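Presented below is the structure to which this report refers.
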Amino acid sequence: MIKQIATDKAPAAIGPYSQGLDLGNMVFVSGQIPVNPETGAIPEDVEAQAVQSLTNLKNVLAAAGLGMENVVKTVVFLSDLADFAVVNKIYESFFKAPFPARSCVQVAAIPKGCKLEIECIAVR
């Protein structure tokens with residue numbers, strides 16, 4: 001059975017998709033952009049954007065009863081690969097070894113002009 005995950009502690013979907021889907025043993029979290037769910041604000045710098053995106057990801061996982069330790073795979077989308085080292089520093093503060101498998105790619109554009117977006121797969 002597929003259960004939709006929804007929380008007001010992460011930005012609402014801006015299209016026809018769910019914040020996340022819970023399949024029982026696996027949870028898929030849609031890409032989280034750095035929108036503050038309380039204010040709608042987007043931080044200016046990539047470091048603050050990374051913190052907000054990962055916080056949003058963490059909050060969607062929490063709505064499914066999971067934590068960052070349950071994450072097995074992430075995909076990080078960057079608008080500028082030159083931000084890789086800065087984002088890594090923030091990313092590392094949200095996860096512990098063994099770190100999730102990860103892909104990181106530069107893309108042409110991210111919704112709302114954001115500098116990054118992060119999605120994940122987690123397991124129970």
Side-chain angles (χ1 to χ4, degrees):
M1 173 188 247
I2 298 173
K3 178 182 172 189
Q4 183 179 27
I5 302 167
T7 179
D8 60 0
K9 298 197 182 309
I14 55 175
Y17 61 90
S18 301
Q19 287 175 318
L21 292 176
D22 188 336
L23 280 63
N25 63 336
M26 295 180 75
V27 169
F28 294 81
V29 178
S30 291
Q32 296 298 305
I33 58 175
V35 174
N36 181 313
E38 293 177 11
T39 65
I42 298 170
E44 291 283 326
D45 65 274
V46 72
E47 191 170 18
Q49 285 197 16
V51 169
Q52 186 65 61
S53 287
L54 286 160
T55 299
N56 293 343
L57 192 82
K58 184 177 179 179
N59 289 339
V60 175
L61 287 167
L66 300 176
M68 299 299 265
E69 68 277 4
N70 297 99
V71 176
V72 296
K73 170 73 171 147
T74 63
V75 180
V76 178
F77 303 95
L78 296 174
S79 63
D80 186 349
L81 209 50
D83 292 329
F84 185 78
V86 173
V87 172
N88 264 347
K89 178 182 162 194
I90 301 303
Y91 182 94
E92 186 175 23
S93 73
F94 277 80
F95 293 102
K96 294 181 178 155
F99 296 104
R102 183 180 83 179
S103 301
C104 182
V105 296
Q106 179 173 315
V107 295
I110 296 172
K112 297 192 177 229
C114 297
K115 297 176 187 287
L116 65 101
E117 180 172 357
I118 305 171
E119 66 180 42
C120 77
I121 300 169
V123 296
R124 285 199 162 77

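Any value given below was found using the heavy atoms of this structure, including those in side chains, with hydrogens, waters and symmetry copies removed. Keep in mind the model is a prediction, meaning the values are calculated, not measured.
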Tell me every residue that passes salt bridge (Lys or Arg N to Asp or Glu O under 4.0 Å) with [X], counting only those two or more places apart in sequence or in another chain.
X	value
K3	none
E47	K89
R102	none

Considering only distance and modelled atom types, tabulate donor-acceptor pairs under 3.5 Å from the side chains of residues 76-86, sequence neighbours left out.
unit_1	atom_1	unit_2	atom_2	d
S79	OG	K115	O	3.4
D80	OD1	A82	N	2.9

[X]: what forms a side-chain hydrogen bond (donor to acceptor under 3.5 Å, both in side chains) with it, not counting sequence neighbours?
X	value
K73	S103
S18	Q4
Q52	N56

Tell me whether L54 shares a hydrophobic cluster with V87, the cluster being built from Ile, Leu, Val, Met, Phe, Trp, Tyr side chains joined at under 4.5 Å. yes
Just how far is it from atom [atom1] of [X] to atom [atom2] of [Y], taken to the nearest 0.5 Å?
X	Y	atom1	atom2	value
L57	E119	CG	CD	9.5 Å
N88	F99	CG	CZ	9.5 Å
I118	S53	CD1	OG	5.0 Å

Tell me, do T55 and F94 make a side-chain contact under 4.5 Å, heavy atoms counted? yes
Which residues share a ring pair (Phe, Tyr, Trp, His ring centres under 6.0 Å) with Y91, sequence neighbours left out: F95
Identify the heavy atoms of Q49 and I42 that sit nearest to each other, and give their distance. NE2-CG2, 3.7 Å
Measure across P37 and P11 and return the closest heavy-atom pair with its distance rounded to 0.1 Å. CB-N, 3.8 Å
Under 3.5 Å, side-chain donor or acceptor atoms of residues 60-69 against the rest of the protein: list the pairs with distances, not counting sequence neighbours.
none

List, by chain and number, the other hydrophobic cluster members for I121, where Ile, Leu, Val, Met, Phe, Trp and Tyr join if side-chain heavy atoms come within less than 4.5 Å, directly or indirectly. I2, L21, L23, M26, F28, V72, V123
Can you tell which of I33, V107, V75 makes a side-chain contact (heavy atoms from CB on, under 4.5 Å) with E117? I33
Pairs involving residues 19-43, ordered by first then second residue, that meet side chain to side chain donor-acceptor pair (under 3.5 Å) (sequence neighbours left out): D22-R124
Applying salt bridge (charged side-chain N to carboxylate O under 4.0 Å, His left out), which residue pairs with at least one partner in residues 52-64 are found, sequence neighbours left out? none
